[in-house]
Each structure stands twice: as structure tokens, then as C-alpha cells.
Amino acid sequence: MNRREFLASTAAMAAAPAVGAVSAQKLRLAPARLHLVGEANPSTEVWAYNGAVPGPELRFRQGERLRIEVENALGVDSTVHWHGVRLPHAMDGVPHLTQPPIRAHGGRFTYEFDLPDAGTYWYHPHLGSAEQVGRGLYGALIVEEREAPKVDRDLAWVLSDWRLDRQARLAENFANAMDASHAGRIGNTVTVNGAIRETFAVRAGERIRLRLVNASNARIYGLRFEGHETWVIALDGQPVEPHAATRVVLGPGMRADLILDCRGAPGSAHRVIDDFYRNRAYELLKIQYSAAQALRERFDKVPTLPANPVARPDVARAHRHRIVFGGGAMGVMPSQREHRGLFWTVNGRPLAEHHHDHGDTPLLTLARGNSYVLELVNETAWHHPIHLHGHVFAIVSRNGEASARMEWGDTVLLDPESRAEIAFVADNPGDWMLHCHVLEHQASGMMAVLRVA
Ligand SMILES: [Cu+2]
């Protein structure tokens, strides 16, 4: 089955508006059956937060305190990780490192922490992630600026992909050796907010703040909005100098906030193309203009978002470390006699998710309050979105070339055989994961612990 076949048999659907803001702060994990590929096609058994994929869109205001009670009604243990949020270590949701797992069959845990930064974040399990995220456990966490820029609509597209058979059943071979040692589990069906979409309905003259979240296990997106200028105003939730992008590239875990000014004519339609993978371009959906006359003829200047209170690293005086990512197919993999099922290494060593005491052996210990530059070196033939917990970093350079503009993030996409330097102040005490967000890579060795003490 491919996406086209489903599209051919599915009546045109308007992209659903984002799930409304949730004030009742409970998340319940349980299996659910959802129509990912249209009401006319079989439904899919998924794992969901509050019965929906993506889970409820959580919206807060910058500076507010998040408090969410989690109940795990699945048959497996889980946790919730709040991707990109600078929070206290005990709330980070990494099993055995920051908390015990939330037990299967009714375990509970309450997450409670302040939200220091505005931006687009997301939540997902950090236990058995390749399977749990792959089955549908994720949702957007949006922290609005105290004074948000004026737009007509502010909404998220949570992008994910699925490996489905012709009856729309999920392939159950999560984290298999083939996926784990290559590009990860890339699905055959791409959904926007939990369903295949034919169109996204807009009105001429609208200004939309579009928050893109890549919740896929492994798929990288390269989105082109035909007929539109897309302005990037934030990456990984952190404001960036507004700039026009002809193609928005998002690795797993990454986010981008766009300003989409609807300058098309009433009644017109424009494709959004994902052409990240060579020769595998497809149409994600069409931006469909209603017949209504334009809301406005002229648009205000694209807004610059206020900076978040992230400490600025002193790059010139920073302590420097080199972290080398190795292994994978066509690379030097760990010995399968010693490290069965582990295909990737960080500084020569694989780390297994089930290695419960990995916090005892941090890759690096960083002195609290100091600035660090980490040179991240990808010696493999594969892409790796490298994610650091508990901190936000500046991307200083790529392949030895200084970044064109100040760019902050929590995840940096490393191309095959490439490197990047990230800089940050180690100001959040605790043991923090540094790992690849291709979840099959994470599960098969590509993670490490950085200690801030
Ligand atoms: Cu990877």
C-alpha cells in the first residue's frame, strides 16, 4: 500500500484545525483505533495519549508552571520526556536516569515544572521510544510568548510517518536490525496531525503561524511551499532572525515556526512538496484557498520573536570537547559478540537503553556555569539528528564554517560524514542524555550521558 492508493480512495479532507488547547492537565496512555488513512479505509491500532494521535496540543504561556498527571494504562512501562524544555532533571522523563519508569497497567507520575522559554516543543516517551513513538505516542507542547506576534491563526502540524500494510496495520518489527543499522524506520504513509491530508484550507490574505514538529522516528522532511514565501522565525522553539527559506529541513525531533502569508488568489491551490530524499519526492498536501476575498492586500513586516532567557556561552573562552559518532552499515560497528544489536558508538562506545545504570559512567562531566563548545563529528554514512537534554545550544559552525546567523536549538542534524560545533552554558545540574533522535539509532547504541555538576 502506498499513500497515493489511499489518497485515490479517500474523499478530499480539509486539514483538521489543531486540537483545542487543553486545560485539564491529564495524559492517559492507552491503545486506541484511529483512521490514519481515511474513514473509508481500515482503522489502525495505535497507542495514544487521551485517545488521540497526536496527543492533546498542550498550550501554556511563557513563565507558567506545567503540571500534568500521567496515567499509564498500556501493558508496558513508559515515561514522558518534554523535548526541548529546560526543566529540572527529575522532570526530564528518562527512565532510570531521572525517574523510575511509570509502570504498566495503571502506573502514575505527575510532572510539574516551570516553562522558562516560549516556543514549540513536544512530548513523547523516552522508554522503548522506537516502538512507543512509532505506535503514536507524541504531542505538541506550545509555550506562547507573553506578547505573541499578531497572526490570524496559530497552529501546529505534527508530522509523522507509519509503516502500514494494505489493511492499514502497523508493521510490528520495531527497532529491527536492518532499520537500526541503516536509516531507521522510515514509514510508507505520512500523516499531518494524525491523518493523511489532501488539503489545508486557507483564506487569501491570512497570516498563519505554522509550527512544524517532526515526530517521526527516522524520517527527515524537506518541505517546499510552492507559490509561497515561507519565513522561518524560530527553530526548535528558539527565535531566529526571520529569514525566507525555500526548503524547510527538519530531522526527527526538530521543530520550525513559520510565518505563512497567504498571498495566493482566492480559489487557487498550491502544493507542499517533501523532497528531502532524492527521487522520493511526494506531495504532502495542497494549500487550498477558499473563494472568499482577501482578508488584506498588504502584510506587515514578518515579526522578530523576543529572545528566550537562555545564557549566552562565551565561545572564545569555552572548554572544548570532541564527540565522535561512529558505526552503522558501511561503518565500523561494535563487535556483535560483545554488543549484540548495538550498531552505533559515541566516542567508540555503544550505550544500550536497557543499561539501567548508564548514569554512573558519563561521557563527560561539565562544570556547572562554564561555557562549552562540543564538536560533534559524524563519521558514519548516515544522517543523525543529535539531541541534548536540559539545555539549549547555539550552533556555532558546520564543517568548519561559521553559522550565517545566530541559531539556537536542542537538536542538530548532522549530514553523513560532517561535523558541527555547538556551544552552551552548562547551567542545569544533572545527568543529561545526548543521543541521536533517529529512535532506532538511539536504541542501538547512539547515546551518551553528559553530567553537569
Ligand atoms: Cu542516528
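All figures in this text were calculated on a predicted structure; none of them were measured in a lab.
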> Residues in ring pair (Phe, Tyr, Trp, His ring centres under 6.0 Å) with W162, at least two apart?
Replying inline: none
> By ring pair (Phe, Tyr, Trp, His ring centres under 6.0 Å), which residues pair with W47, not counting sequence neighbours?
Replying inline: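 Residues passing ring pair (Phe, Tyr, Trp, His ring centres under 6.0 Å) with W47: none at all.
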>> Working note: R398 + D415, criterion salt bridge (charged side-chain N to carboxylate O under 4.0 Å, His left out); need CA distance, chi angles, decisive distance, verdict.
In response: CA-CA 10 Å; R398 294 174 194 270; D415 292 336; over 6 Å; no
What residues, two or more places apart in sequence or in another chain, satisfy side chain to side chain contact (heavy atoms under 4.5 Å, CB included) together with [X]?
X: T411; answer: H83, D236, M254, P385, H387
X: T79; answer: P95, Q99, Y111, H126, L127
X: V377; answer: R322, V324, E375, E379, R419

>> On a heavy-atom basis, which atom in G84 and which in D410 lie closest, and how many Å separate them?
In response: CA-OD2, 3.3 Å
> A183 and A218: which non-hydrogen atoms are nearest, and at how many Å?
Replying inline: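 Heavy atoms only, the tightest pair is O-CB, 3.4 Å.
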> Ion pair present between D261 and R207, side-chain N to carboxylate O less than 4.0 angstrom?
Replying inline: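 Salt bridge present between D261 and R207.
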>> Quick test of your reading of the model: are E283 and R197 salt-bridged, counting only N-O distances below 4.0 Å?
In response: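 Judged by the 4.0 Å cut-off on N to carboxylate O distance, E283 and R197 do not form a salt bridge.
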> Between F325 and H384, is the gap from one ring center to the other below 6.0 Å?
Replying inline: no
Is the backbone of [Y] close enough, under 3.5 Å, to the side chain of [X] for a donor and an acceptor to pair up by distance?
X: S403; Y: V396; answer: yes
X: N214; Y: L250; answer: yes
X: Y289; Y: R263; answer: yes
X: S290; Y: R203; answer: no

> More than 12 heavy atoms of other residues, nucleotides or ligands under 6.0 Å from CD of Q336: is that the case?
Replying inline: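 It does: Q336 CD has more than 12 such atoms within range.
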> Would you call the rings of H81 and H389 parallel, tilted or perpendicular, where under 30° means parallel and over 60° means perpendicular?
Replying inline: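 Judged by the thresholds at 30° and 60°, the geometry between H81 and H389 is parallel.
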> In terms of ring plane angle, is the pair W157 and F225 parallel, tilted or perpendicular, where the classes change at 30° and 60°?
Replying inline: parallel
>> Checking side-chain polar atoms at under 3.5 Å, does Q62 have a donor or acceptor matched by the opposite partner on N308?
In response: yes
> Going by atom types only, do R211 and T120 share a side-chain donor-acceptor pair under 3.5 Å?
Replying inline: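 R211 vs T120: donor-acceptor pair found between side chains.
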> Under the ring pair (Phe, Tyr, Trp, His ring centres under 6.0 Å) rule, what pairs show up with a residue in residues 163-190, not counting sequence neighbours?
Replying inline: H182-W382
